[in-house]
Every structure is written in C-alpha cells, then in structure tokens.
Amino acid sequence: MSDMDSPTLYCLTPVKNESWILDRFIRCAETWADHIVIADQFSDDGSRDIALRHPKVTLVDNDSAAYDEGARVNLLMRTARSIPAAGKRIFISLDADEALSANWSTSSTEWNAVLNATPGTVIGFDWVNVLPGYKEAFIPEGVKWFGYVDDGVNFEPSVIHSPRLPWSSDSPSLVLKDIKALHFQYTDWSRMRSKQRWYQAWERIRFPKKRAVTLFRQYNHMMAIPEKLKGHFRDEWFEAYENAGIEMRAITPQDYYWWDVDVLDMMAEHGTKRFSRLAIWDVDWNVIAKLAGRSDLDGRLNDPRSDFEKRILHWLLLTQIDQYRPATRLIQKLLQPFGW
C-alpha cells in the first residue's frame with residue numbers, strides 16, 4: 001500500500017462539559033488518529049478551549065438543545081467525511097471518557113488488520129470498564145462495535161442508546177482481542193452516579209410508560225457487577241501512554257455535575273413526585289440546588305418518596321445481582337399493577 005492510498009484514521013467524539021478528562025483523551029487519541037473530530041454541545045467548563053489547543057482536533061458545534069445521540073453521530077460522520085482523505089476512511093467512535101488501550105502500538109497484527117479492513121467492515125472491541133483504584137475492570141460479555149471502515153452509507157441511528165456507527169447483523173466484521181476500548185466512567189464514582197440519575201430522570205419524562213423497575217435495572221447495573229465479569233487491570237493498557245507523560249489516573253471530583261443541573265430543571269418543571277420511583281434520591285437535591293445557585297428551588301426538593309416506594313427501591317437494589325431469578329421476576333410482575 002503506497003503512502004497516497006494509506007487509510008486515514010478518524011476519532012469521532014461527542015462532548016459536553018468533559019474538561020475533567022478531555023486533555024487526556026485527546027493526547028491518547030493523537031497517538032493513533034490522523035484527525036480527531038469533536039462535536040461540542042454547549043460546553044461551558046473550558047472543554048472547547050482544551051480541544052482547540054490540539055492541532056489534530058476539528059471542532060464542530062452540536063447546536064441542538066435536545067439530547068439526541070443519532071443527530072450527533074451523523075454530525076460527526078458528516079464532518080469527518082468532509083475532511084479530505086487520499087485513501088479509505090476508518091472511523092473509531094469513542095466518548096471522552098474512553099481510550100484505546102495503549103498496547104495498540106505493539107499489537108501490530110491486530111492494528112494492521114484494522115488498517116487493511118475493507119469498506120463496510122465494523123470493528124469490535126472488548127469494553128474494559130476500569131473500576132475505582134485501577135486494580136480491577138468490569139468487562140461485559142460480548143463485543144462492542146466502536147470502529148467502522150467508511151463505505152459512505154447513510155445511517156439512521158436512534159435518539160438514545162444508538163449504535164455509534166453504521167452496523168447491521170450482516171456487516172463484515174473484525175473483532176480485536178488484544179487491543180481494548182477502555183472506559184473510565186467508573187473511576188469517578190460520583191460523576192458516574194450523577195450521569196445515571198440523569199438518564200433515569202430523562203427517560204421518565206421522554207418515555208413515561210417505561211416501567212420504574214426497568215429503569216432501575218438498566219441504570220443501576222454497576223451496583224451489582226457479577227464477579228465473573230471482573231478481571232485484573234493490566235498495566236500494558238496504560239504503559240505507553242504513561243511513558244509518554246500522559247497522566248492516566250488522576251481524578252478531580254466535583255460538588256455537582258451538569259447532569260445534576262439538568263435534573264434540577266426537570267424537577268422545577270415537573271415537580272419531585274414525578275421522580276419518586278427512581279433511584280435518584282441518594283443525594284440531597286436541596287443541597288445541590290444551593291451549590292448550583294438555584295435559589296428559586298430552595299426547599300422545594302425534599303425527598304417525595306413514600307415508605308412503600310423506599311422499600312421497593314431498597315428491594316430492587318438488594319436483588320440487582322439476581323434480577324433474572326424466577327422469584328425476583330415474579331415479584332416484579334406483581335408490582336406492575338402498583339405502577340412499578
């Protein structure tokens with residue numbers, strides 16, 4: 001393959017207030033990507049300034065006020081396709097709290113397979129969720145499709161939990177074993193909990209018929225990770241990055257996060273009772289409102305849950321690890337007439 005027709009690698013990343021990790025993310029991506037396309041959605045925490053400091057970054061505005069994963073995926077792909085490339089384009093879609101494992105540079109057989117994959121090929125990775133302390137990782141079963149060799153196809157993704165790139169069951173595929181997709185969400189536990197609270201509240205408004213039990217099970221999976229899905233963290237996943245001077249382990253927790261402010265807005269509009277069957281009451285929302293300067297909500301955000309609702313949420317937490325057992329599923333079914 002000549003230099004003229006060598007593939008061009010693009011990292012595609014949506015961003016909203018990711019200054020806590022964005023510089024690290026870009027520095028890691030710069031080691032393998034020719035272009036880093038970032039779609040920023042109204043960040044006000046310095047994320048844009050961080051992105052613009054890096055010459056490989058193409059920053060585009062995601063000017064939609066709504067949460068829409070499909071729209072931002074297509075925005076990222078359109079932007080990447082507008083950047084000239086002599087050969088084929090290879091897209092790797094990563095969130096700002098993710099990175100390819102540092103051993104991509106030493107896993108030459110797998111990396112060459114990526115570079116030589118044919119258009120239309122989807123590229124799968126193990127999704128390594130690094131746990132607090134960087135000693136263990138949660139690795140779900142199955143492959144997660146982060147990569148795609150562009151063949152120009154149109155893509156119609158969904159609003160939430162959408163595939164990141166064009167994919168179908170009959171797509172040609174390449175599954176990597178040595179190179180991983182690292183996920184740092186769980187290394188900052190308070191930030192992760194804020195995000196999961198937001199998902200539950202957003203879905204309660206957007207999909208009001210979705211069962212509270214379903215929302216709990218979906219967004220509290222990290223509270224009961226099966227031991228069989230845990231593995232030791234491997235230093236080789238960080239080694240080349242840390243040798244290059246990239247800080248991979250520092251975390252700076254915040255008093256509150258932008259997701260919390262969004263939830264405050266939802267409560268202001270819909271009232272707290274609308275959210276009483278959600279697992280979002282592990283924080284004092286009156287305190288968060290005060291920290292966020294929301295004096296308009298002073299004293300209006302007390303825990304609205306009845307004793308019955310608290311007991312059900314506690315039972316859901318206790319049974320998260322064995323939610324698929326027949327007895328658990330039976331009780332969940334019996335709860336349905338009560339609005340659960």
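Quick caveat: nothing in here was measured; it's all calculated off a predicted structure. Residues take their numbers from the sequence shown, with the count starting at 1. Keep in mind that the numbers below use all heavy atoms, side chains included, and drop hydrogens, waters and symmetry copies.
Judged by distance alone, with hydrogens and angles left aside, the side-chain atoms of Glu239 form no donor-acceptor pair with the main-chain N or O of Ala102 at under 3.5 Å. Distance alone, capped at 3.5 Å, is enough to place a donor-acceptor pair between the Arg277 side chain and the Gly339 backbone. Using a distance-only test at 3.5 Å, with no hydrogens or angles considered, no donor-acceptor pair links the side chain of Asp322 to the main chain of Arg325. Remark: the backbone N or O of Asn17 is not paired with any side-chain donor or acceptor of Gln41 at under 3.5 angstrom. The main-chain N or O of Gly231 is never found under 3.5 Å from a side-chain atom of Glu136 such that the two would form a donor-acceptor pair. Looking at Thr328, its side chain never comes within 3.5 Å of a backbone N or O of Gln323 through a donor-acceptor pair. Using modelled atom types, one side-chain atom of Trp285 and one backbone atom of Ile280 make a donor-acceptor pair closer than 3.5 Å. Remark: the backbone N or O of Thr79 is paired with a side-chain donor or acceptor of Ser82 at under 3.5 angstrom. Of the possible polar contacts, one joining the Arg211 side chain to the Gln332 backbone as a donor-acceptor pair under 3.5 Å is found.
Between Thr319 and Arg217 the shortest side-chain heavy-atom distance falls below 4.5 Å. At least one side-chain heavy atom of Leu215 sits under 4.5 Å from a side-chain heavy atom of Arg204. Between Glu242 and Arg249 there is a side-chain heavy-atom pair separated by less than 4.5 Å. The closest side-chain heavy-atom distance from Asp40 to Asn62 is not below 4.5 Å. With contacts defined as side-chain heavy-atom distances shorter than 4.5 Å, the pair Val60/Leu75 qualifies. Counting heavy atoms from C-beta on, the side chains of Thr13 and Val37 never come closer than 4.5 Å. For the pair Lys228 and Glu141, the minimum side-chain heavy-atom distance is below 4.5 Å.
Between the side chains of Ser47 and Asp45, a donor-acceptor pair is found at a separation under 3.5 Å. Side chain to side chain, Asp34 and Thr8 fail the donor-acceptor criterion of an N or O pair below 3.5 Å. Side-chain polar atoms of Trp198 and Asp262 form a donor-acceptor pair below 3.5 angstrom. For Glu236 and Asn103, the side-chain atoms include at least one donor-acceptor pair closer than 3.5 Å. Inspection of the Trp104 and Thr31 side chains reveals an N or O donor paired with an N or O acceptor under 3.5 Å. Side-chain polar atoms of Ser168 and Ser171 form a donor-acceptor pair below 3.5 angstrom. A side-chain donor from one of Glu203 and Tyr219 sits under 3.5 Å from a side-chain acceptor of the other. Gln218 and Lys210 share a donor-acceptor pair across their side chains, judged by distance under 3.5 Å alone. With no hydrogens or angles considered, no side-chain donor-acceptor pair links Tyr324 and Arg329 at under 3.5 Å.
Side-chain heavy atoms closer than 4.5 Å link hydrophobic residues (I, L, V, M, F, W, Y) into clusters, and following such links, possibly through other members, connects Phe216 to Met223. Hydrophobic clustering places Leu182 together with Leu100 (ILVMFWY residues linked when any side-chain heavy atoms are closer than 4.5 Å, directly or through intermediates). The hydrophobic cluster containing Phe308 also contains Val213, counting ILVMFWY residues as joined when their side-chain heavy atoms lie under 4.5 angstrom apart, directly or transitively.
Across Ala224 and Ile321, no two heavy atoms sit closer than the pair O-CD1, 3.3 Å. Here the closest heavy-atom approach between residue Tyr256 and residue Leu291 is recorded as CE2-O, 3.5 Å. A pairwise comparison of heavy atoms in Ile38 and Leu76 identifies C-CD2, 4.2 Å as the closest pair. Of all heavy-atom pairs between Leu22 and Ala96, the closest is CD1-CB, 4.2 Å.
Distance CD1/Ile312 to CG/Leu317: 13.0 Å, rounded to 0.5 Å. Note: Arg78 CZ to Ile83 CD1 = 13.0 Å, rounded to the nearest 0.5 Å. The CH2 atom of Trp258 sits 12.0 Å away from the CZ atom of Phe42 when rounded to the nearest 0.5 Å.
Within 6.0 Å of NZ in Lys16 there are more than 12 heavy atoms belonging to other residues, nucleotides or ligands. Annotation for Asp298: atom CG does not count as buried by contact number, only 12 or fewer foreign heavy atoms lying within 6.0 Å. Within 6.0 Å of atom CZ in Phe207, more than 12 heavy atoms from other residues, nucleotides or ligands are found, so the atom counts as buried in its surroundings. Around atom CD of Glu247, more than 12 heavy atoms belonging to other residues, nucleotides or ligands sit under 6.0 Å away.
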Worksheet item: Step by step, would you call Thr272 with Trp281 a side-chain contact (heavy atoms from CB on, under 4.5 Å)?
Response: CA-CA 10 Å; Thr272 56; Trp281 299 98; 4.0 Å; yes
Practice prompt. Carefully, step by step, assess Phe91 and His35 under the rule ring pair (Phe, Tyr, Trp, His ring centres under 6.0 Å).
Written response: CA-CA 10 Å; Phe91 299 154; His35 300 280; over 10 Å; no
Discussion item. Working note: Asn74 + Asn154, criterion side-chain contact (heavy atoms from CB on, under 4.5 Å); need CA distance, chi angles, decisive distance, verdict.
Written reply: CA-CA 9 Å; Asn74 278 321; Asn154 291 324; over 6 Å; no
Practice prompt. Go through the steps to decide whether Tyr67 and Trp202 satisfy the test ring pair (Phe, Tyr, Trp, His ring centres under 6.0 Å), and finish with yes or no.
Written response: CA-CA 9 Å; Tyr67 183 82; Trp202 186 87; 5.5 Å; yes
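Using a 4.0 Å cut-off between charged side-chain N and carboxylate O, Arg197 and Asp282 make a salt bridge. Arg48 has a carboxylate O that lies under 4.0 Å from a charged side-chain N of Asp61, or vice versa, which qualifies the two as a salt bridge. The pair Glu309-Lys273 meets the salt-bridge criterion, with a side-chain N (NZ, NE, NH1 or NH2) lying under 4.0 Å from an Asp/Glu carboxylate O. Ion pairing between Glu98 and Lys180 fails under the 4.0 Å rule for side-chain N and carboxylate O. Salt bridge annotation for Asp150-Arg81: present, with a cationic side-chain nitrogen under 4.0 angstrom from a carboxylate oxygen. In this structure, Arg164 pairs ionically with Asp95, as a charged nitrogen and a carboxylate oxygen lie closer than 4.0 Å. A salt bridge is absent between Lys144 and Asp126: the closest approach of a Lys/Arg side-chain nitrogen to an acidic carboxylate oxygen does not fall below 4.0 angstrom.
Of the residues listed (Arg191, Lys195, Arg24), the one engaging Glu18 in a salt bridge (Lys or Arg N to Asp or Glu O under 4.0 Å) is Arg191, and it is the only one. When Asp188, Asn220, Asp260 are each tested for a side chain to side chain donor-acceptor pair (under 3.5 Å) with Arg193, only one passes: Asn220.
Ring-plane geometry between Tyr134 and Phe233 is classed as perpendicular, the angle between the planes exceeding 60 degrees on a 0 to 90 degree scale with a lower cut at 30. Using cut-offs of 30° and 60° for the angle between ring planes, the Phe275 and His270 rings count as perpendicular. The aromatic rings of Trp259 and Tyr257 sit tilted, their planes meeting at an angle between 30° and 60°. The aromatic rings of Phe138 and His221 sit tilted relative to each other, their planes meeting at an angle between 30° and 60°.
Screening residues 50-60 for side-chain hydrogen bond (donor to acceptor under 3.5 Å, both in side chains), with sequence neighbours left out, gives Asp23-His54, Glu30-His54.
Ring to ring, His161 and Tyr199 are close: their centroids are under 6.0 angstrom apart.
Scored by the side chain to side chain contact (heavy atoms under 4.5 Å, CB included) test, Asn302 finds Asn286 as partners (sequence neighbours excluded).
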